[in-house]
Each structure stands twice: as C-alpha cells, then as structure tokens.
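In what follows, a structure is listed as structure tokens, so that the remarks can point back to it.
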Amino acid sequence: MSGASIQFDGATVRYPGAGHAAVENVSFEAAPGELVVLLGPSGCGKSTLLRTVNRLVELQGGSVAVDGHDVAGVDAVELRRSIGYAIQAVGLFAHMSVAENIAVVPSLLGWPPQEIAARVDELLATVGLDPARYRSRRPRALSGGEAQRVGVARAIAARPRALLMDEPFGAVDALVRSTLQRELVRIVRELRTTTLFVTHDFDEALKLADRIVVMRAGSVEQVATPDELLARPATAYVRELVHAGDAVYRSYYVHVRETLR
Amino acid sequence: MSYAFAHLGRIAVLAAAHVEVVAAALAVAMAIAVPLGIYAARRPHLAGWVLGILGALYTIPSLALLAVLVQLFGLGFAPIFVALVAYAQFMLARNVVAGINGVDPAQVDAARGLGMSARQILTRVEFPQALPVVIGGVRIAAIAAIAIATLGGYVGGSGLGVLIFNGLTLHQPEMIVAGSLAASALAVTVDGLLRIVERQVRT
C-alpha cells in the first residue's frame, strides 16, 4: 500500500475578527509517501493548515485535495477515519485501556474483533512497547514518551494513507524525543504513508523531513528539501532560520541526517 | 426506642415509600438534567443563565415552595414529588455541565480528528469521563432529596416524615426520633452506596 498525495491549492483560512488570514494562499503538494514538515514559529498558521486536511478547520478559499479528491466534497467523519491524526497533547482516552485507545479507528470502521486484537499487538510491537505489558494499561500509568508511542500507534492503526502530526514530540524530553524521531522515520518509511508533520523546532524538521515548508504569518516562505534549505535559503527570514553561512552547523546536520536514514 | 422496635413494620413501609418518592423524583430529574446539562455545556452563555435560574429555584425555602405546590396540585404525592424534581435540577445539571466541560480538550480534539461523530464523541468520550462527576451530583441531590422528602408527611404524602409530623401532632417524641433516625440512616446508606459507585466509575 502506498501513501496518498496531498495537494494544497491557494489554501486560505480566515478566522472571524482576526486582522490577517491565519493561512494565506498556500500551495504545495506532498507526494505519495513523502514526509513533509510544516515549520514555523507559533501562530504562523502551520497547525491551522494541517487541520484543513482532515477538515477540523474549514477553508475559506482555495482547496485541499487528498489523492486528487477535494476534501470539501467528502464526508468529514469518513475523511478523518481515513487519515491518521496525532497531537502534542496526545489525547489518549483516559477511561480506555491502551488497547482500546489503539483500536478506536478500526472499531469505528467495523473491523472484526480478532483482527483488531491482532492489529493492536502488532502496533504495540511496532512502536516498541511489549504488548503483554502494555495492552491493558490505563493511559495515566504511562510515561510521556510511552503515551506518545501509543498516540502514534492509534494514529496509524487503520493503515491510513495519510498521517497528520501536530508537534507530536513537543512535550517529551530531549532524549526520548530523538528516539521517537528515529522510530517515526522508520515507521513512516515502512508504511509509505504520506505524512504532514508540524513543528516549530528547526532541528526536528531537518532530521525528519523529505521536504520542509517554512511558514511565517500564514504564508509560505519556502518549500525545499533540508539540504536545499541549508544551501539556498530563499528569503532573509529563512536565511536567519537556517543560520546560513555557518558551515559547521550545516555539516552537523548533513551528518545527523545520514545517521537517521 | 421502644416505639421503633414495636413498629418496625410500619417504619419499613414508610421508609420504602420514602425511597420510592425520592427515587422517582431523581429519575425524572435526571431525565431532564442530563440533556439540559449536555445542551448547556456546549453554550457557556446559556449555561450561566440555566444554572443561575436553577440556583435561584434551589434557594426557595422548601416549606414555601411546598405551600405553592399544594395550591397547584393538592395534597398527597404530587407536591413533594414536584418539589424534589425542582430542587434536584440544580445539583444534577450543574454537575453534568461541570463533568462535560471538565473533559480534557485534547481528548475531544483527538476524538474528532480520529473520526468520531459528534454523537460518538459524547457517548464514548465525554459522557464516560463526566460520569463520576455526574454521579457525585446524584449523590448530593439524593441526600438533599431524602431530607426534603420528610416534608411529604406535612403535605399528605407518605414517607418517614409521616412519623415526624404525627409525632409532633400527637406529642410522641419517640415517633419523631424514630422518623428522624430512620431518615438519617437512609441518607447515610444512600451516600455510602453512591460513593462506592462513584469510585467504581472513576478511571
């Protein structure tokens, strides 16, 4: 199975009463299987843009298409079930076990119980948690890193062809974060799921991304591979962001990326 | 105490009637407060108004309210039943609103993002998590209702209040004590049982 394409065409979001648009005329395409990072400071519209893909936020202008189908023409609930979703606060359901949390989307889709149970164990193993130990735990008995692993497992449970991640590793400590980043790259490569990943952390963007979309005040500054971004920043803002001209910094990231792949 | 021991059967019958009116009133009150609370929880402005009005209703002295209700419904089961439903509204609706609004927003966002419908979010995420708070409201409302229901004896209803008011009329302190102790014992028991339920449903 391969990932879906995600195509933004002039995507614009305005919140009532706000001075400028939260997202202004954004166009780019994530190719099937690509991991695209939306990078920018808080308030730049990257989360809003992400949330237009599964229609948690509706566009006021332009369009978003998944596999060529405009999401505006698809039932929002069905659309969301077909797209993985993971967020910084994780949002594991506190009254359900780890297994029940992971099983949410397969259950909503009406998978047979034996298939769901097998899938839950498979997913726990995929995210590095021993199924026998973790399956029946409650979310409050998990560490931050474990909870986020379960959050990722829940997001990919029904084998979505597109995955939306909103700063999923923003709240875990640095050591756990780099492990999770490494594992995410592996998982996404294996699944070939098209992934949009929001972060404000340039370091994280460089480690994970096939391509980076740099955003600022609702608009796109540059869309480029990490190497291109480091070598040829398009605007003064991006230049500052990437510490352009700092050869040591650049060679460090070339090294980091090599060790990740 | 000799009165109580000599009339255990009568006390049991009156206690059963007491439980009956309280349970019936709470059931009807829940049927109103749960949908009302859920509706209001999503509309903060409305919730303020609804809880304000129910709160005002709650402050009306029970004898005064019963006097009005007797004018409307006559003596018997009805006035005390209606009074209990009205008083319970405040505590029940308030806790439904608090319970729903207390659900972690990240869980609601995740539920939406994963593709639950509005109804599924309510029944599978919000209500199960609000349940301990809702049951806490039922517990407080039940204790208050058991106390207020003793006034049923004054307006021609049944229940343990009959012993208290008959005792007052007949100058029989033992009857008053028997009625009061039985009502208190009932309140303590119900409180204990609902505390257990509350703990069971807590995650």
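A, B, ... follow the sequence lines: proteins, then strands. Residue 1 opens every chain.
- Residue B/R124 holds its CZ atom at 7.0 Å from OG of A/S107, rounded to the nearest 0.5 Å.
- By the 6.0 Å contact criterion, CZ on A/F28 is enclosed, its count of non-hydrogen atoms from other residues, nucleotides or ligands being greater than 12.
- The CE atom of A/M96 sits 8.0 Å away from the CD atom of B/Q129 when rounded to the nearest 0.5 Å.
- Shown here is B/F165, whose CZ atom has more than 12 heavy atoms of other residues, nucleotides or ligands within 6.0 Å.
- In this structure, B/Q107 and A/L92 have side chains that are not in contact, with every pair of non-hydrogen atoms separated by 4.5 Å or more.
- Per-residue counts of heavy-atom pairs under 4.5 Å with chain B were compared for A/N54, A/L108, A/V105; the largest is that of A/L108.
- For a residue to count as touching a neighbouring chain, one of its non-hydrogen atoms must lie under 4.5 Å from one of that chain's; by this rule A/L109 does not touch chain B.
- Within the 4.5 angstrom heavy-atom criterion, no atom of B/A118 approaches chain A.
- Atom OH of A/Y134 sits in a crowded spot, with more than 12 heavy atoms from other residues, nucleotides or ligands closer than 6.0 Å.
- Within the 3.5 Å criterion, the main-chain N or O of B/E126 finds no donor-acceptor partner in the side chain of A/H95.
- Annotation for B/A110 and A/G91: closest pair CB-O, 3.6 Å, computed over non-hydrogen atoms.
- Rounding to the nearest 0.5 angstrom, the gap separating the CG atom in B/D109 from the CZ atom in A/R51 is 4.5 Å.
- Within 6.0 Å of the CD atom in A/E78, the count of heavy atoms belonging to other residues, nucleotides or ligands does not exceed 12.
- Heavy-atom distances place both the backbone and the side chain of A/V77 under 4.5 Å from chain B.
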Point to revise | Derivation of the side chain to side chain contact (heavy atoms under 4.5 Å, CB included) call for A/V104 and B/M116 | key: CA-CA 9 Å; A/V104 161; B/M116 287 193 196; 3.7 Å; yes
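- To the nearest 0.5 Å, the span separating CZ on A/F93 from CG on B/L114 amounts to 5.5 Å.
- Interface residue A/I87: only side-chain heavy atoms are found under 4.5 Å from chain B.
- Between A/R81 atom CZ and B/S117 atom OG the span is 6.5 Å, to the nearest 0.5 Å.
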